[in-house]
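Residue numbers run from 1 in the order of the sequence given. Read the numbers this way: they start at 1 and go in the same order the structure lists the ligands and their atoms.
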Amino acid sequence: MAPTSSINGGADQVLVEEISSVRTFILNRPKQLNALSHQMISRLLELFHASERDSNVKIIILKGNGRAFCAGGDVTAVVHNVRRGNWKLGADYFREEFTLNYVMATYSKPQVSILNGIVMGGGAGASVHGRFRVATEKSVFAMPETALGLFPDVGASYFYSRLPGFFGEYAGLTGARLDGAEMLACGLATHFVPSERLPLLEQALVKVNTSDPDVISTIISRFSHIPKLKEGSSYHKMKIIDRCFSRRTVEEIISALESEALNKNDDWVSSTIQSLKKASPTSLKISLRSIREGRLQGVGSCLIREYRMVCHVLMGEFSKDFFEGCRALLIDKDRNPKWEPSRLDLIRDDDVDCYFSKIDDEDWEDLKLPPRSNLPPYAIAKL
Ligand SMILES: CC(C)(COP(=O)(O)OP(=O)(O)OC[C@H]1O[C@@H](n2cnc3c(N)ncnc32)[C@H](O)[C@@H]1OP(=O)(O)O)[C@@H](O)C(=O)NCCC(=O)NCCSC(=O)/C=C/c1ccc(O)cc1
């Protein structure tokens, strides 16, 4: 085994192992649950580009050190930037992060992400776009942004809109946590491997000398099985999810859930309503619109639209909920955000439209994604 080399600049935040044709990148901020710093994103982008150019590299393995794969973007950096009042620093972060998501979604070599723990926000973006996502019994997946005054980004309007039925709308609006079995059932994961078998899986993968996804899938399948969904799983609620989350507006979704609650006492329905009522009303409305638009767009267009949206959120012209969400959940930790506008009916369609418009600032540009050429047919977005 080649020695583990550490990467500077990111102060060892991404470790690299080189074993024959396989490059393993290890997110290495275990104390922060591998939250993605700007440096980590830049480094990953560099490593992905370099590995794509290197014909000796056949597959990429991405994993996390410690109990998380990755708990999202580094939100302590957000707090820092907000205090400095500079939304463009945030925009720079997202520009690079979304570019990384796009490179992963169109990558010419299989990426195998080992999701043995927490996978949230940016962690989902760094894995779901890749070819293989291996969940375990320790996986906890969520896009929790509506509780923070943001919206499911990193291309979630692409991958959530492609989940069965209206499961993506459900998971995106409520921020629901999914376990490994649910991830596999809905397609966020491609395989489920018990964590105790991961060392054997990795030993088998590092012997690979091909980028053929069928070969790699066959290898992972040797270690995987289909786990049973828990009795209380949201995936068993697909009929209710489809009935309610297919509605045109957030208001209609909530009232459909309330009708379900009247008909039948169901804890799952009550807690779903509670999650929606706790979230930022503005976030809910822009998230629903984003996932709906994502249904008809490719991954690149989704990321370009989400970049516009996130810049509007950071500018805070219509609502400053993102800053309030950071205050309530991260700074003061009172978990009691005061959203403004405070109610769904105070947000008009025109207000939602603004989040999808170009930014009125002469220095601002739409996200420009790198050209991707000569890709093999399987190097298209994966869901
Ligand atoms: C449920 C979690 C994943 C685990 O909870 P736990 O097991 O009780 O563990 P802790 O919450 O104690 O977390 C352990 C440590 O990791 C830290 N941490 C845990 N997630 C994080 C984290 N995303 N960041 C930065 N430290 C963290 C957390 O602060 C804590 O640090 P410390 O108090 O110093 O021990 C919990 O940590 C949690 O909810 N984390 C946030 C998850 C989340 O909302 N992720 C998506 C956020 S939205 C986003 O990505 C936007 C990023 C952004 C970036 C740049 C911008 O300019 C603008 C926006």
[X] side chain to [Y] side chain, donor-acceptor N/O pair below 3.5 angstrom:
X: E145; Y: S287; value: no
X: S21; Y: N209; value: yes
X: T210; Y: D212; value: no

Closer than 4.0 Å and a protein heavy atom, does any atom meet both conditions relative to [atom]?
atom: atom 33 (O) of ligand 1; value: no
atom: atom 12 (O) of ligand 1; value: no
atom: atom 55 (C) of ligand 1; value: yes
atom: atom 16 (O) of ligand 1; value: yes
atom: atom 19 (C) of ligand 1; value: yes
atom: atom 48 (S) of ligand 1; value: yes

Is R305 positioned over the aromatic face of F98, cation under 6.0 angstrom from the ring centre and no more than 45 degrees off axis?
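No, R305 does not sit over the ring of F98.
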How close does the nearest protein non-hydrogen atom get to [atom], and which residue and atom is it?
atom: atom 38 (C) of ligand 1; answer: M120 SD, 4.8 Å
atom: atom 27 (C) of ligand 1; answer: Q32 O, 3.8 Å
atom: atom 25 (C) of ligand 1; answer: D74 OD1, 3.3 Å
atom: atom 2 (C) of ligand 1; answer: L33 CD1, 4.3 Å
atom: atom 23 (N) of ligand 1; answer: G73 O, 2.9 Å
atom: atom 53 (C) of ligand 1; answer: V78 CG2, 3.3 Å
atom: atom 30 (C) of ligand 1; answer: K31 O, 4.4 Å
atom: atom 22 (C) of ligand 1; answer: V75 CG2, 3.4 Å

Report the member of R177, K88, R67 with the shortest heavy-atom distance to atom 7 (O) of ligand 1.
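When every heavy atom of R177, K88, R67 is considered, R67 comes closest to atom 7 (O) of ligand 1.
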Which is closest to atom 42 (C) of ligand 1 by heavy-atom distance: G72, A71, S37?
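Going through G72, A71, S37 one by one, A71 has the nearest heavy atom to atom 42 (C) of ligand 1.
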Aromatic ring proximity F167/F245, centre distance under 6.0 Å:
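They do not qualify: ring centres at least 6.0 Å apart.
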For ligand 1, which atoms have a heavy atom of F94 less than 4.0 angstrom away?
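Listed by number with element: 53 (C), 56 (C), 58 (C), 59 (C).
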Would you mind running through ligand 1 and noting each atom that sits below 4.0 Å from a heavy atom of G90?
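Going through ligand 1 atom by atom, the ones under 4.0 Å from G90 are 57 (O).
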Has I226 got more than 12 heavy atoms of other residues, nucleotides or ligands less than 6.0 Å from its CD1?
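At most 12 heavy atoms, drawn from other residues, nucleotides or ligands, come within 6.0 Å of this atom.
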Got S139 and F69 here, is their nearest side-chain heavy-atom distance under 4.5 Å?
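Sidechains of F69 and S139: no contact.
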Do the non-hydrogen side-chain atoms of V22 and K58 ever get within less than 4.5 Å of each other?
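Contact flag for V22/K58 side chains = no.
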Quick one: sort the Y158 and H129 rings into parallel, tilted or perpendicular, breaks at 30° and 60°.
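Rings of Y158 and H129: tilted, 30 to 60°.
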Heavy atoms only, cut-off 4.0 Å: how does [X] contact ligand 1, side chain, backbone, both, or neither?
X: M143; value: neither
X: L148; value: side chain
X: W87; value: neither

Out of curiosity, is E97 lining ligand 1, as in a heavy atom under 4.0 Å away?
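No, that is not the case, since the closest heavy atom of the residue is not under 4.0 Å from the ligand.
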Using a strict threshold of under 4.0 Å (side-chain N to carboxylate O), is an ion pair present between E182 and K230?
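Salt bridge between K230 and E182, a charged N being under 4.0 Å from a carboxylate O: no.
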Closer than 4.0 angstrom, basic N to acidic O: yes or no for E260 and K237?
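Salt bridge flag = no for K237 with E260.
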Of L288, L257, I253, which is the lone residue that meets side chain to side chain contact (heavy atoms under 4.5 Å, CB included) with R247?
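For R247, the side chain to side chain contact (heavy atoms under 4.5 Å, CB included) test succeeds with only one of L288, L257, I253, which is I253.
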Of R348, R308, R289, which is the lone residue that meets salt bridge (charged side-chain N to carboxylate O under 4.0 Å, His left out) with D353?
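Exactly one pass, corresponding to R289.
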